[in-house]
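For reference, the structure is listed below as structure tokens.
Quick caveat: nothing in here was measured; it's all calculated off a predicted structure. For ligands, and for the atoms within them, numbers begin at 1 and follow the listed sequence.
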Amino acid sequence: MEKIKMTTPLVEMDGDEMTRVLWKWIKDILILPFVDLKTEYYDLGLKYRNETDDKVTFDSAEATKKYGVAVKCATITPNAARMPEYNLKEMWKSPNGTIRAILDGTVFRAPILVKGITSYIPTWTKPITIARHAYGDIYKNTELKVPADSKAELVYTDKDGKETRELIHNFTGDGIIQGIHNTDKSISSFARSCFNFALDTKQDIWFATKDTISKKYDHHFKDIFQEIFDSEYKTKFDEAGIEYFYTLIDDAVARVIRSDGGYIWACKNYDGDVMSDMVATAYGSLAMMTSVLVSPDGVYEYEAAHGTVQRHYYKYLKGEETSTNSVATIFAWSGAMRKRGELDNLPELVKFAERLEKATLQTIEDGVMTGDLYLLSNLDNKQKVDSETFLKEVAKRI
Ligand code: NAP
Ligand code: MG
């Protein structure tokens, strides 16, 4: 059989621990036999990040800007325990944070639905994609504890040195204050990424804030979204037959629960953080959640939403059998290949991506699955297999 040709390389970002093991197996078992794979390889494994003083992470993000599509393996974000484990020069920053800052993107997370695994919310029969604004608000805050008998004010100083101030609270007893911010540039990028992704995936997009209470801060998000939608996207949305819908966050939460899914829910930073955990859990498993970073100028980086599955890796190192779910990582590869195929006009590559996804779902629907899904599945003929057997079963079905 002749292998499927590619024209532009994918930016390949390798990673750590169990997902690094799966990464190689996915390529060897599911991709290389079928595709004449072209990638520009960046080793984001912690060992090499440390050797290059994290330069490799920056280079991989720049390459993503250049080529337009990347696929990323899960990576360790170092904490104190990793310092001696990897003999680190520094506690390097989260690669995802670095890449996100360079690409200025929005992260879209969507569950992979499969027969035999029922959502905790039975009406959710289609995926709900969460778009989380990944800049500012409480994630870049300034906080203070305030002693009794203090006056707290909000102050900004303009370029001429003129101060504008507003009373926060006159404290009679002890208390706390917090300053948060966002920028028009970041909110506009967020809005454009959301509208582009909605057009790309032909889904409605919902956006919600607490603008009734936060009449300037949250209301500003609402206004920016509406302005950009009206001036740049309304016609395109009409043509695509999709809708932009704004509502109050309370109303959105109620509607989401009653819905059957099949739309994108754009969330401010904190809402996206907590709501994506709720949505992922309700659909069943973190290992069945895909994640794609989309920049406002249309650059895509695909990955799984879960981490490096450290506990399984230590078992693997001891030579013990593992049953780690590779589905989200497979879908990161298929997502990246599909996008590359669309951009380069390679219908065979697009078809292969579809085939790979179908084969993966078919395997699980045939009852062959890893341990995490085995616990959730309601199929009678279910069977738990190890990490590598699962991939071989998928390969048979391609
Ligand atoms: P994790 O790797 O997502 O794993 C947490 C637990 O969830 C696992 O121990 C496992 O439960 C279950 N799990 C997650 N993915 C699974 C899969 N594919 N198949 C089967 N079970 C799965 O999160 P973590 O343990 O908190 O973090 C480990 C490392 O990953 C950390 O160094 C962290 O920095 C990094 N991380 C990276 C990313 C990223 O690169 N995007 C994201 C998050 C975390 P059981 O052990 O009960 O089987
Ligand atoms: Mg969270």
Side-chain angles (χ1 to χ4, degrees), residues 12-23 25-26 42-50 54 56-57 60-61 70-86 88 91-101 103 105 107-109 111-112 114 117 132 134 272-273 276-277 280-281 283-293 301-318 320-333 335 360 363-364 368-377 384-391 394:
E12 174 183 356
M13 303 170 174
D14 207 347
D16 287 298
E17 299 193 311
M18 199 60 212
T19 42
R20 187 183 181 95
V21 176
L22 296 177
W23 193 259
W25 287 346
I26 290 170
Y42 292 86
D43 184 358
L44 266 54
L46 185 51
K47 183 168 175 287
Y48 194 65
R49 269 185 278 148
N50 191 52
D54 206 24
V56 65
T57 306
S60 72
V71 56
K72 181 181 171 292
C73 180
T75 46
I76 293 170
T77 298
N79 55 14
R82 302 295 195 170
M83 297 296 288
E85 186 184 355
Y86 284 85
L88 298 181
M91 211 187 280
W92 305 109
K93 287 201 178 135
S94 147
N96 287 46
T98 302
I99 294 165
R100 215 181 285 148
L103 299 182
V107 175
F108 295 84
R109 291 198 158 174
I112 301 159
V114 62
I117 294 168
R132 172 182 170 188
D273 184 351
S276 64
D277 285 325
T281 307
Y283 278 108
S285 168
L286 187 58
M288 295 292 278
M289 199 77 171
T290 60
S291 183
V292 54
L293 175 72
E301 185 237 292
Y302 293 83
E303 64 175 324
H306 60 79
T308 61
V309 214
Q310 183 180 14
R311 206 179 64 81
H312 295 212
Y313 181 59
Y314 291 160
K315 277 177 75 180
Y316 167 82
L317 287 181
K318 281 193 262 172
E320 289 172 27
E321 192 182 288
T322 61
S323 187
T324 316
N325 189 333
S326 50
V327 172
T329 310
I330 296 171
F331 273 64
W333 275 100
T360 305
T363 306
I364 302 167
V368 180
M369 59 194 81
T370 46
D372 57 319
L373 296 185
Y374 183 81
L375 293 174
L376 300 170
S377 171
K384 177 184 163 181
V385 295
D386 64 77
S387 314
E388 204 175 359
T389 303
F390 179 77
L391 295 172
V394 174

The salt bridge (Lys or Arg N to Asp or Glu O under 4.0 Å) partners of Arg82 (sequence neighbours excluded) come to Glu17, Glu85

Any N or O of Gly307 that comes nearer than 3.5 Å to an N or O of ligand 1?
yes

Would you say ligand 1 has an N or O under 3.5 Å from any N or O of Thr324?
no

Numbered atoms of ligand 1 (with element) below 4.0 Å of Ala74, judged on heavy atoms
40 (O)

Donor-acceptor pair between His312 and Thr324 side chains, under 3.5 angstrom:
yes

For Asn96 and Glu303, which I'm curious about, is there any donor-acceptor pair between the side chains at under 3.5 Å?
yes

Between Thr322 and Ser387, does any side-chain donor sit less than 3.5 Å from a side-chain acceptor?
yes

Just list the side-chain donor-acceptor pairs under 3.5 Å for residues 325-332, sequence neighbours left out, or say none.
unit_1 : atom_1 : unit_2 : atom_2 : d
Asn325 : OD1    : Val327 : N      : 2.8
Asn325 : ND2    : Asp372 : OD2    : 2.8

Record the part of His306 in heavy-atom contact with ligand 1 below 4.0 Å; permitted values are side chain, backbone, both and neither.
both

I'd like to check whether Glu17 has a polar contact with ligand 1, where a contact means an N/O of the residue lying under 3.5 Å from an N/O of the ligand.
no

Ligand 1 to Asp372 polar contact by distance, N or O atoms, under 3.5 Å:
no

Ala304, any N or O under 3.5 Å of ligand 1 N or O
no

Polar-atom distance check: Ser326 versus ligand 1, any N or O pair below 3.5 Å?
no

Would you call the rings of Trp25 and Tyr316 parallel, tilted or perpendicular, where under 30° means parallel and over 60° means perpendicular?
perpendicular

Does the residue Arg82 have a heavy-atom contact with ligand 1, meaning some pair of atoms that are separated by less than 4.0 Å?
yes

For ligand 1, which is the ligand I care about here, please tell me if Gln310 has any N or O atom under 3.5 Å from one of the ligand's N or O atoms.
no

